[in-house]
2 protein chains.
Amino acid sequence: MIDPHSGVPSYHQVADRIRAQIDAGELAPGEYLLTEPAMEHVFGVGRATVRRAIDILRNEGRVVTTRRGTQVRERQPRVAEVVMGPGVRATTRMPSDLEKRAMSLGPGVPVFVVERPGQEPEVLPGDRVALVGHDEQGEGGSTSS
Amino acid sequence: MIDPHSGVPSYHQVADRIRAQIDAGELAPGEYLLTEPAMEHVFGVGRATVRRAIDILRNEGRVVTTRRGTQVRERQPRVAEVVMGPGVRATTRMPSDLEKRAMSLGPGVPVFVVERPGQEPEVLPGDRVALVGHDEQGEGGSTSS
DNA sequence: CGGTATTTGTCCGTATGTATA
DNA sequence: GTATACATACGGACAAATACC
């Protein structure tokens, strides 16, 4: 299954395998992956390798892990749209730890940074917000749920 | 220095310490952090803990690691602005592995997904692109360098 | 050009703690 | 109460890239 001497790191191969299963729909959103000990056995690798692989998928925002196990992340509905009025500028980056806690962001979830002229930059959760261009001379920046 | 019994995980404390140094400017962009063995000694923790801490900062996009060591990430200039015309919608997420390679994205760098009516979604590097609202009835979507 | 030292990368094993079922 | 499963943390070993002399 996993070849440690193929040039590609084992944890990478394991992550690729699981990612493929998710993309193929074999692992549906909400469904639990195998447990870590089970993966050790199935893939023939050590615990650290399994955990590293899961780490990758977590940092890609594709799975979430609780004490019960690791499950495929449910798609988050975008509950808010931010209108990009004239002069508004938006960038994206990963949140700091503080921001993560403040906005209850899962791992692997980036944030939007929206800058309006003469105002402090606003940091918004990247998994629940979408940015949209304004229609006409919109006032710019209203957050509609 | 690091208290393993404070409730906060050691790797977390180490990451916080380094992050604070970066934010305070004690570690300037481009500058190398201590080597991993040096950190082991300074913080009094094992290598796994040190590496885990650096992992966090990498996934936050704050440091980059090469075989020479780990250095504070240089600020990336935004070389492209995408105009958000009417009907244009943008979201953000972490890139897949393929996208990462295709766009030469470092770790901890998210992507923009820009959707225009009747077109395929466009994936843009989150560290070099900014989204801006259009002034008047802009054509929407021109990428100016 | 070659060799050595440094530094990170990969991988394994073990142990303990803690939340959940 | 017991068993399961993940979280944290330590340690060691070897490989591979890089820098320096």
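Below, chains carry the letters A, B, ... as their sequence lines are ordered, and counting in each starts from 1.
At whole-Å resolution of the value, NE2 in B:His41 and C1' in C:dT6 are 18 Å apart. Summarising the geometry, the separation between CG on A:Asp55 and C1' on D:dC6 is reported as 12 Å, rounded to the nearest angstrom. Atom CD1 of B:Ile56 and atom C1' of D:dA9 are 14 Å apart (whole Å). Note: CE (A:Met39) to P (D:dC6) measures 8 Å, nearest angstrom. Computed from coordinates, the A:Arg68 CZ to D:dA7 P distance equals 14 Å when rounded to whole Å. In this entry the distance linking OH of B:Tyr32 with P of C:dT7 reads 11 Å, nearest Å. Between the CZ atom of B:Arg47 and the P atom of D:dA9 there is a distance of 17 Å, given to the nearest Å. In this structure, B:His12 places its NE2 atom 13 Å from C1' of D:dT8, rounding to the nearest Å.
The shortest distance between the side-chain N/O atoms of A:Ser10 and the OP1/OP2 oxygens of C:dC11 is below 4.0 Å. Contact between the side-chain N/O atoms of B:Tyr11 and the OP1/OP2 oxygens of D:dA9 is not found at any separation under 4.0 Å. Checking the phosphate oxygens (OP1, OP2) of C:dC12, a side-chain nitrogen or oxygen of A:Thr49 falls inside 4.0 Å.
In summary, the side chains of A:Thr65 and A:Arg58 do present a donor paired with an acceptor at a separation below 3.5 Å, with no hydrogens or angles considered. Neither side chain, A:Arg78 nor B:Thr91, offers a donor N or O lying under 3.5 Å from an acceptor on the other.
If you check every strand for non-hydrogen atoms under 4.0 Å, A:Arg51 touches a base.
For C:dT6, its base never sits under 3.5 Å from the side chain of B:Arg67 at any donor and acceptor pair.
Around CD of A:Glu120, the count of heavy atoms belonging to other residues, nucleotides or ligands within 6.0 Å does not exceed 12.
Salt bridge B:Arg51/B:Asp55: absent, no basic N to carboxylate O contact under 4.0 Å.
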Could you please spell out the steps behind the salt bridge (charged side-chain N to carboxylate O under 4.0 Å, His left out) verdict for A:Arg19 and A:Asp16? CA-CA 5 Å; A:Arg19 195 189 299 105; A:Asp16 286 347; 2.8 Å; yes
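Distances from the side chain of B:Pro9 to the nucleotides C:dG9, D:dA5, D:dA9 place D:dA9 closest.
The pairing partner recorded for D:dG1 is none, the criterion being a Watson-Crick or G-U wobble arrangement whose two distances lie under 3.5 angstrom.
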